[in-house]
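Everything below concerns the one structure shown next.
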Amino acid sequence: MPNYYDLSAESSVCDSEDDAFSNESDDDGTASAEGLASDHRCILHVDVDCFYCQCEVQDRQIPKDKPFAIGQKHIIVTSNYAARAMGVKKLQSRTAAYEACPQLLIIEGSDLERYRIHARKIYQVFRAACKRVHPEIAVRRGSMDEMMADLSVAISIDGDDRVDYSNDNVYIYGANGRESIALTEDQTGVCSKIVQEFQVRSLGPSEWSCSERLQRASHIALQIRREILQSTGFTTTMGVSVNPLLAKIASGLKKPATVNVLFPWRSQSLLASMPLRMIPGVGRTTVKALQHCLEKNAVSSQPNFWTCQDLLSVPKQDIVSCLEQVPLFKHSCEVQADIILQKCIGVDHSQIQDDEGGAPKALSVENSFRRGTLVRKDVLCAELEELYRRLSRLLHERREWSHSSRLAYPTTIKLTLRTVDEKLASKKRRPFVTRSKQSSFDGLAFMQLRDSAQQVAFLKRAALPLLHAFELKSDVIDITRASIATTGFQDLSARPKDSPTYFTQPCQSNMSTFIEQTEHGKSRSPRDALNGASTKMSIHEQASMFHNNKIDPSILSQLPPDVISELRQVKPKKRQRIDDYFKRL
DNA sequence: TGGGGTCCT
DNA sequence: AGGACCC
């Protein structure tokens, strides 16, 4: 049973800007409201409504109104709206789900292949639709059921298209009038409901133009949504706002099959009352670390219902010291604190990087086992056989994403095992240790194999040495998860568009000519310099290496002056922020 | 709690 | 190689 809280009781805390944002640590003194007003982007976030369920409705003609769920192992991972209405939850045990809904139909969903195929189609339709609106719109795939686009380039300054929302499911948050907003349940099971009567007031000039732009963006969103529905049969929910954070939050405000426009001036009160955990990028570990300082400062909410508002009322130094306890944030806790605080007031400067087609950067297959059921090595080897088969299929499937399919092969393979650590068994609820081993992988040779038995054998020859490297001599290995991953796809190592031309046209490049020469002479190639191997590097490998700034300084100094200066002109990639989650999309 | 993914250190 | 985060 969900916990509800009502923000109307607390709405007064949102009204006083001084009080609410006294904590704002903005470096250049920009006020929070300024931060919001200065973001002139129009970002679109798309969520496919209960994606797996829609797949099953299409693939197996399941009646939509019959409650059903998707099961994996002993849990259900998602369910349709009819089942949710009966109290079926995400990541619930099958037993609990049946208790909530005895007539529930559970469909086995451990094999993701059909879902991946639907997802690819949806993304490709979405991408094409965006590019047709304007070729320079940056488009990015998030997960199988999430996508984002930066529509800013398509919104003209003085455009005058009248927007007609008749019959369309469009919700505008921050416009005058009455609103009823239900936030969807988050991963912790916290469910919040916000009912708020919004004050009627008129918009200032800058708000007015923002409002115009976002409404035009929502008009584009509607067209794209219709296109997705017509071409794929899937319904989607969209969020439109001024940055990726707010666009994503917007798409969660009302589901399914809607377009949600969130004006930035409305986002502050919305976020203030939202549980901290619902902020994208603020996960379990972070909230746990922050709990100390929230308690210490005795903020208003009940424990476990910390809101953004609560965090904003904590002195920043306290937040920083809390974050020091997260190992990953150890050396960047000040930056992390700023990033989280910014998010709490709806500010997010992250950019949407176009993914140039969306081909996955890593492919992995995994299988999990109940504790104590996989304790012998030979059984593990047998289980790995199935993973080889699945990985083989995945690798061939991925060629459908690639714009250059002969480069659609990986160069690295990794075996990961999760075991039970007896030392942790008494202390933690999930006393697991995850370890991995990786090596290079001749994906090109693999992809050229025609026979599936040979493909499996090839993967096995690559994976068994990794298994051996674990040195599992003890008989008490208690494996709870095994996975095999491939990465380093060659069709992704190609340079961004603004790179020097010789990266895109290797044959005519100064660089490749130079490397040819040094290789024929006594000088060594970069690859040789880096790891002492004598294998010749392909031009794509070279491009990848230089692009990643991994070139050995001694090699760099040997390059011709014009090449060096051109390399220097390539701007070093701005360091990505840890919670810059939309770059991951 | 599953079967995937992304990015950062 | 490992960890935090996402769906």
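Side chains are part of it too, since the values below use all heavy atoms of this structure and drop only hydrogens, waters and symmetry mates. Since this is a predicted model, take the numbers as computed values, not measurements. Within every chain, numbering begins at 1; the chains are lettered A, B, ... in the order of the sequence lines, protein sequences first and strands thereafter.
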By nearest atom, which of the nucleotides [options] is closest to the [X] side chain?
X: E146(A); options: dC7(C), dT6(B), dG3(B); result: dC7(C)
X: R140(A); options: dA4(C), dT6(B), dC7(C); result: dT6(B)
X: R277(A); options: dG4(B), dG3(B), dC6(C); result: dC6(C)
X: L328(A); options: dT6(B), dT9(B), dG2(B); result: dT9(B)
X: A362(A); options: dT6(B), dG2(B), dC7(C); result: dT6(B)

To the nearest Å, give me how far apart [atom1] ([X]) and [atom2] ([N]) are.
X: I70(A); N: dG4(B); atom1: CD1; atom2: P; result: 15 Å
X: L91(A); N: dG3(B); atom1: CG; atom2: P; result: 12 Å
X: R390(A); N: dG2(B); atom1: CZ; atom2: C1'; result: 11 Å
X: Q351(A); N: dC7(B); atom1: CD; atom2: P; result: 15 Å
X: R430(A); N: dG2(B); atom1: CZ; atom2: C1'; result: 10 Å
X: F432(A); N: dA4(C); atom1: CZ; atom2: P; result: 15 Å
X: F329(A); N: dC7(B); atom1: CZ; atom2: P; result: 16 Å
X: Q336(A); N: dC5(C); atom1: CD; atom2: P; result: 10 Å

Under 4.0 Å between a side-chain N or O of [X] and OP1 or OP2 of [N]?
X: R398(A); N: dG5(B); answer: no
X: K248(A); N: dC7(C); answer: yes
X: K361(A); N: dC7(B); answer: yes
X: R435(A); N: dG2(C); answer: yes
X: S368(A); N: dT1(B); answer: no
X: S364(A); N: dG5(B); answer: yes
X: S436(A); N: dA1(C); answer: no
X: K90(A); N: dT1(B); answer: no

Under a 4.0 Å heavy-atom cutoff, the residues of residues 107-115 of chain A touching DNA chain B are S110(A), L112(A)
Between the side chains of [X] and [Y], is a donor N or O closer than 3.5 angstrom to an acceptor N or O?
X: D310(A); Y: T307(A); result: yes
X: D47(A); Y: T237(A); result: no
X: K248(A); Y: N243(A); result: no
X: T480(A); Y: R418(A); result: yes
X: Y123(A); Y: D145(A); result: no
X: S404(A); Y: D491(A); result: no
X: S483(A); Y: E366(A); result: no

Quiz item: With distance as the sole test, does T232(A) use its side chain to make a donor-acceptor pair with the main-chain N or O of L229(A) at under 3.5 Å?
Solution: no
With heavy atoms under 4.0 Å as the rule, sort [X] into base, sugar-phosphate or nothing.
X: R116(A); answer: sugar-phosphate
X: H74(A); answer: sugar-phosphate
X: I279(A); answer: sugar-phosphate
X: T78(A); answer: nothing
X: I76(A); answer: nothing
X: K437(A); answer: sugar-phosphate

Using a 6.0 Å distance limit plus a 45 degree cone around the ring axis, check whether R481(A) lies over the aromatic ring of F432(A). no
First encountered from the 5' end of DNA chain B, between L363(A) and F369(A) =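 The residue closer to the strand's 5' end, by nearest nucleotide, is F369(A).
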Nearest-nucleotide check on DNA chain B, P360(A) vs Y52(A); residue mapping nearer the 5' end is Y52(A)
